[in-house]
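Data first, discussion second: the structure below is written as C-alpha cells.
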Amino acid sequence: MLALNRHPSGRHFLQIPGPTNVPDRVLRAIDQPTIDHRGPAFGELGLAVLSGMQAIFQTSGPVIIYPASGTGAWEAALVNTLSPGDHVLMAETGHFASLWRRLADRLGLRVTFLPGDWRHGVDAGAIEAALRADAGKDIAAVCVVHNETSTGVVSDIPAVRAAMDRSGHGALLMVDTISSLGSIDYRHEEWRVDVSVSGSQKGLMLPPGLSFNAVSARALARAETAKLPRAYWDWRDMLGVNGKGYFPYTPATNLLYGLHEAIEMLRAEGLPAVFARHRRHGEATRAAVQAWGLEILCQEPDGHSPALTAVLMPEGHSADALRKTVLERFDMSLGQGLGKLTDRIFRIGHLGHFNDLTLCGTLAGVEMGLAAAGVPHRAGGVAAAMQRLAQAPAV
C-alpha cells in the first residue's frame, strides 16, 4: 500500500510530456465492465477503434494495436520487417532516438547512427548522403523520431522522405510518433511512411498501455521475408483477425473503451483544430520562457515542438532541485532531463487534454517555482504568455 505523506487540496498538475492528463470522459469510458473479447459487442468495438486510428494516423492502410508501451511498438516495427544483421540508418536527435538505437543493437541489427547535438532535428541532407553512399543498397530501413520528447524538437518528415526519394534508395522509412500523434500534424500515407510507431499516453489522452504500428503495403510485403524472430509482435497474426474486430490474444479491453472515447473527442474537435491548439500553446510557452530570460533547448526555429518545451537551466542551477520545489510547493510535476540532459533541463508538457487556463496555471507554477528555488530569471513570463494567447484566440 502506498504511503501518502500529505493530501494537498485541488488537482495535481501533471505537466510532464507524457503520460498526460486523462480526461474525465475517457476515465468514465475505461470504468466499464469488461466484456467477452470473443463476443459480438467486442467485435464492434474493435472495428471502431481500428478504423478510428486510421483517421488519426491519416492513412487508409492497417493500424495494428498492441497491449504494450511504445517500446513494444518500436520492436514490432523492426522485427516484422528486418532480418538478423540487416543494416539500419538512425539519427541521434535525443534520448528516445538513442533508446530505439539500443533496441536495434540488441536485436542483432547493424546500426549507423548519425550524430546529433540534441538541439536540432534530423538532418535530411545527412540521410540522403548516407543513402547515396550505400552503393550496394545495403541499408534496409531509415528510422527517425518525429517529435523528440526528451528535447522538444520536431523533425521534418516530408524532408526526410524527399531526401530518400532523391537518393533513389529503396529503404523503408520508419517514424516514431509517440509524442506527436494526436498533437502535431502527422500524415502517414501522404508522407509515404512505411511504419509509424506510437503510444496511448500522450496526444491520445489515455493511460499508458496501448501501442500502435501503422503500416504501408511495402512494409507488409517486407514482413513476408523478414527473418528476425517474432511471435507476440507478429503483424500477420494480428491482421488475420483484425478484419472482424478481434485480436489473436487477450486485448486490453478497458483501454480500448478509453481509446474509443479519445478518438471521438479528437474527431469532435477536428484534427486541424487540435493541431492549431497545440501550436498556439507551444508559442505561448516559448513567449513565457523568453520573458523569463531563460534559454529554450531547441535551436531550430522551425523545429520547436507544439507538444512540449525543454528549458535550459542557468549555469550552476539544478533542474531537479527546481522540479522538486515546484512539486512540493505547488503540487505540479514537470518533466526531467533525460540522458545527457539529466539535471540540465526541465520540460513543460503542453499536450493532450489541455486548454488556455491549464497553460496559464502551469506557467504560473513554473514562475513561482523559479522564484522559490532562487533561479535567476525575470518576472513576467505568465503575462507574456497571456498576451500571446490573446493575440491568437482559440478557434
Side-chain angles (χ1 to χ4, degrees), residues 14-21 23 56-58 70 93-94 96-97 118-122 144-160 175-188 190-191 196 198-199 201-205 262 265-266 269-291 296-311 334-335 345-363 366 381 384-395:
L14 180 67
Q15 301 315 137
I16 63 176
T20 61
N21 297 287
I56 303 302
F57 276 105
Q58 302 192 63
T93 50
F96 290 100
W118 292 36
R119 304 192 71 172
H120 296 81
V122 174
V144 299
V145 175
H146 183 213
N147 184 69
E148 177 54 73
T149 321
S150 66
T151 65
V153 181
V154 179
S155 288
D156 187 341
I157 302 304
V160 172
V175 181
D176 173 331
T177 74
I178 291 172
S179 61
S180 57
L181 191 72
S183 57
I184 303 172
D185 193 7
Y186 183 79
R187 307 180 186 191
H188 172 88
E190 181 180 326
W191 296 348
S196 295
S198 202
Q201 72 275 18
K202 298 183 187 283
L204 295 178
M205 305 177 290
M265 291 177 69
L266 291 170
E269 186 175 358
L271 285 180
V274 171
F275 303 146
R277 169 168 56 84
H278 282 81
R279 287 194 302 270
R280 185 167 167 271
H281 289 152
E283 291 167 358
T285 302
R286 293 192 296 276
V289 175
Q290 290 161 355
I296 296 168
L297 181 68
C298 177
Q299 292 185 318
E300 204 165 340
D302 294 333
H304 288 293
S305 173
L308 73 139
T309 300
V311 184
L334 296 171
I345 67 165
F346 64 93
R347 294 175 297 148
I348 304 169
H350 36 78
L351 72 159
H353 189 53
F354 202 83
N355 61 25
D356 288 6
L357 290 180
T358 313
L359 178 62
C360 290
T362 299
L363 297 175
V366 175
M386 291 172 62
Q387 183 177 19
R388 181 61 61 88
L389 292 172
Q391 291 170 351
V395 293

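Values below: all heavy atoms of this structure, side chains included; hydrogens, waters and symmetry mates excluded.
- Annotation: side chain to side chain donor-acceptor pair (under 3.5 Å) contacts of Q299 (sequence neighbours excluded): none.
- The OG atom of S179 lies 7.5 Å from the CD atom of E148; values are rounded to the nearest 0.5 Å.
- In this view, F354 and H281 satisfy the ring-ring contact (aromatic ring centres under 6.0 Å, His included) rule, not counting sequence neighbours.
- Residues meeting the side chain to side chain contact (heavy atoms under 4.5 Å, CB included) test with A284, sequence neighbours left out: L359, A385, R388, L389.
- Remark: D302 engages no residue in a side chain to side chain donor-acceptor pair (under 3.5 Å) (not counting sequence neighbours).
- Scored by the side chain to side chain donor-acceptor pair (under 3.5 Å) test, Q58 finds D185 as partners (sequence neighbours excluded).
- Annotation: side chain to side chain contact (heavy atoms under 4.5 Å, CB included) contacts of A291 (sequence neighbours excluded): A384.
- Contacts of I296 classified as side chain to side chain contact (heavy atoms under 4.5 Å, CB included), with partners at least two apart in sequence or in another chain: R286, V289, Q290, C298, H304, T309.
- With sequence neighbours excluded, the residues forming a salt bridge (Lys or Arg N to Asp or Glu O under 4.0 Å) with E190 are R187, listed by chain and number.
- Listed by chain and number, the residues in a side chain to side chain contact (heavy atoms under 4.5 Å, CB included) with S183 are H278, A307, L351 (sequence neighbours excluded).
- Put simply, CG on N355 and SG on C360 are 9.0 Å apart, with the number rounded to the nearest 0.5 Å.
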List the steps, then state whether side-chain contact (heavy atoms from CB on, under 4.5 Å) holds for I348 with L363.
CA-CA 9 Å; I348 304 169; L363 297 175; 4.3 Å; yes
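- Applying the ring-ring contact (aromatic ring centres under 6.0 Å, His included) rule to Y186 yields the partners H146, W191; only residues at least two apart in sequence or on another chain are considered.
- When all heavy atoms of G70 and I178 are compared, the closest pair comes out as CA-CD1, 3.7 Å.
- R279 pairs by the salt bridge (Lys or Arg N to Asp or Glu O under 4.0 Å) definition with nothing, not counting sequence neighbours.
- Residues satisfying the ring-ring contact (aromatic ring centres under 6.0 Å, His included) test with H188, not counting sequence neighbours, are none.
- At most 12 heavy atoms of other shown residues, nucleotides or ligands fall within 6.0 angstrom of atom CE in M386.
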